[in-house]
Trainee: 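Below you'll find the structure I mean.
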Protein chains: 2
Amino acid sequence: MKRITIKDLAQQLGVNPSTISRALKDHPDISPALREQVKKLADTLHYRPNYMAVNLRRRSSRLVGLVIPETIMFFYPYLIKGIEHVLHRHGYSLIMLLSNDALEREAENIQICFDNDVAGLMIAFSRETKNIHHLELMEEAGTPIVMFDKVLEEAPYDSVVLDDFSDAMMAVRYLADTGCRRIAGIFGNLNMRITQLRLNGFTAALKQYGLPVSPDYIFFADDPAQALECAQLAMQAPQPPDGIFAMTDEIIVGALPGLLDSGIKIPDACSIICMSDGILPYFLRPQVTFLRHDGYEVGRMAAEQLCALIRNGEHLKPGYPGKQTVLQTQLVELATTRKRTEAAGR
Amino acid sequence: MKRITIKDLAQQLGVNPSTISRALKDHPDISPALREQVKKLADTLHYRPNYMAVNLRRRSSRLVGLVIPETIMFFYPYLIKGIEHVLHRHGYSLIMLLSNDALEREAENIQICFDNDVAGLMIAFSRETKNIHHLELMEEAGTPIVMFDKVLEEAPYDSVVLDDFSDAMMAVRYLADTGCRRIAGIFGNLNMRITQLRLNGFTAALKQYGLPVSPDYIFFADDPAQALECAQLAMQAPQPPDGIFAMTDEIIVGALPGLLDSGIKIPDACSIICMSDGILPYFLRPQVTFLRHDGYEVGRMAAEQLCALIRNGEHLKPGYPGKQTVLQTQLVELATTRKRTEAAGR
DNA sequence: AAGGATTGTGCAAACGTTTGCGGTTGGTAA
DNA sequence: TTACCAACCGCAAACGTTTGCACAATCCTT
């Protein structure tokens, strides 16, 4: 069945295609009577504008490019959902490209976005990405860009990130307020930016509370298995910690069995808090309190900002610095996590 | 900076745009010499074809629509990854639409795919979807469709699904082979198709092994909390089961703590097996053996089939019945899951 | 009643590609 | 020489929309 076009409508009503076009978008030049007539016919014939033709004229589509390194970490599925939700409300659709943490693939994906005349680009950079040369074509095209999660500080784009430094501080504060005095931290690979930020927040908070900052209480683990060892090691110390901060889902997954194996009573002998990208803590036993990094919220905000840029074109001003948004983390306190010995701190 | 077009190339070389177009796609009418010249110039000027113009002519884009109910269940992130991987290899990009398990939204999304002239459609139906009326426009457009995961049996499209019936059987067989004789099953809501299929597989296997099929050993739970109760209930029976089959991630998450609370030794006193959509079992303690539903594989296969259809147009033949693909499940046996009392069955 | 402003519509070009057809070369065979 | 054929390339229309401009008809001025 032939798709019905503006020309068809024009022919049926005996008017010019341009008139149909204008009528459909409530152009004041067209008389209200004709306008109604056109719309009614368009409706009954199920007319749908041909996006390709529109895009060709407009040099811009109703698509938004999303370039991320992964889909499978807990964070991203929520992120996608948040983005899709907002975009759909604004009449945009999402084209999803995966970079697999490879710069080359990322550049390729950006090229694809360019080729599809996306109205905007959302990107979380790959591990290999150190600069924004491969974004040049987007800039030249005047396409607004927003970064999130994995961002490049120096890039002059809008960004939505989480505050790893203060989040780690918040975690320590929670433990301290619960009465913990010897707080250990298990961190990921120190090469990662988030590790450094969280570590800094961790030690800063300890200092603020006048608690000891000892290398004996700071561990690094690249995976759950190593985290398990760290936990055991920590508990074998002459003065085992009475509070533990686990930096990520991966860490807590490994550390928790390690603690259980050590026969430590949780949370009576040792409080635990971790940072999580999703729902994993809900599934752990014993349950632990955690700071939830809400991917949905990040996606929502980032998409909202992108839509704003598309609308107002602020990013086109020369020297536009990009607007940073830092998201607050939410503390989720599950039933069995708080130490019985009541808060002594503060 | 102005985007460079075929016309620009034509002007620079003093030839007609049509010649450029042909040269670029190795049309035999164009002399090899000119062909090379054109390509070199295109390269140095970074010429990129305008997709919108191409699509307008071709009435088809290099986009594939993906319509799914959710992103956050374990299954989908892997699925997306698998799809994206294959599609990228074939030169297609993914446009992602979420239906949130709502029929209306699903129809809307299909409309969007239509409007974007997608080359193909991949869909997992919403819970509300009972028929395929809203896919009519796709059919009329001759767009190939493949369903996966949540499919409609009667729809004449290609499909990729998992075999819930035999998977459940496989699970029971595993338990029986491990020496279990009183096998209980905890299932989800009986209204769901997969519940019925898995339940049928479960009982069929029990019969096959000559094991008792008793309502006392069959439980239904809508969420983890109910699963926990079921587990406790099962273990309080005069003859508690020595093997338990948990139908889903949700079930096992609830059931496992319930079993631990009952003081049952796992796996010595009771073996456990579950079906999982992802990586959750890796995070559970004690670890359980599970049948892994590999979303990546489903996505990969589905995308591969779609690409095949796009290429060969088989779906256009009147009466094309659709090609069903049933994926085998993979048994993942983690360290601590097998009952010590060695296999007696078979 | 004539002039000007206003309102409503049509014309045609343009966006960048693709493609059927026709036309121009040069060469070969009759 | 003429006729024909192959090899190369240009012309122009088409895909469906949008939009600046021209134009006709109607209205309100004075």
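Worth saying up front: this structure is predicted, and the values here are computed from it rather than measured.
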Trainee: With A:His134 as reference, evaluate A:Gln111, A:Glu106, A:Glu108 under the side chain to side chain donor-acceptor pair (under 3.5 Å) test and give the passing residue.
Mentor: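 So the option named by the test is A:Glu106.
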Trainee: Taking only Lys NZ, Arg NE, NH1 and NH2, and the carboxylate oxygens of Asp or Glu, determine whether B:Arg105 and B:Glu128 approach each other closer than 4.0 Å.
Mentor: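 Salt bridge: no.
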Trainee: Hey, does A:Lys7 reach any base, or is it just sugar-phosphate, or nothing, if we go heavy atoms under 4.0 Å?
Mentor: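 Base, at least one base atom sits under 4.0 Å.
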Trainee: Produce a footprint string for nucleotides 5-12 of chain D: one letter per nucleotide, 5' end first; B if the base is under 4.0 Å from any protein heavy atom, S if only the sugar-phosphate is, - if neither.
Mentor: ---BBBBB
Trainee: Working to the nearest 0.5 angstrom, can you tell me the gap between B:Arg127 CZ and B:Arg193 CZ?
Mentor: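 Going from the CZ atom of B:Arg127 to the CZ atom of B:Arg193 covers 15.0 Å.
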Trainee: Under a 4.0 Å threshold between the charged nitrogen and the carboxylate oxygen, would B:Asp101 count as salt-bridged to B:Lys150?
Mentor: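 Salt bridge absent between B:Lys150 and B:Asp101.
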Trainee: Once you apply a heavy-atom cut-off of 4.0 Å, does A:Ile6 come out as touching a base, just sugar-phosphate, or nothing?
Mentor: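 Counting heavy atoms under 4.0 Å across all strands, the contact made by A:Ile6 is with sugar-phosphate only.
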Trainee: Which one of B:Ile145, B:Val326, B:Val151, B:Leu152 satisfies the side chain to side chain contact (heavy atoms under 4.5 Å, CB included) criterion with B:Ser159?
Mentor: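 Result: among B:Ile145, B:Val326, B:Val151, B:Leu152, B:Val151 is the only option passing the side chain to side chain contact (heavy atoms under 4.5 Å, CB included) with B:Ser159.
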Trainee: Look at all strands and tell whether B:Tyr47 reaches a base, only sugar-phosphate, or nothing, counting heavy atoms closer than 4.0 Å.
Mentor: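 Since only primed, P, OP1 and OP2 atoms lie under 4.0 Å of B:Tyr47, the category is sugar-phosphate.
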Trainee: So, are B:Arg22 and B:Asp29 salt-bridged, with charged N and O less than 4.0 Å apart?
Mentor: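 Result for this pair is no, no salt bridge flagged.
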Trainee: So if I apply the side chain to side chain donor-acceptor pair (under 3.5 Å) rule between B:Tyr157 and each of B:Gln305, B:Glu139, B:Gln324, which one comes out positive?
Mentor: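 Among the candidates, only B:Glu139 passes.
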Trainee: Say you draw a straight line from CG of A:Leu56 to CG of B:Asn55; how long is it, rounded to the nearest 0.5 Å?
Mentor: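 The CG atom of A:Leu56 sits 10.0 Å away from the CG atom of B:Asn55.
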Trainee: Where does the chain B footprint on DNA chain C start and end, counting 5' to 3' with a 4.0 Å heavy-atom cut-off?
Mentor: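 Result: C:dC15 to C:dG20.
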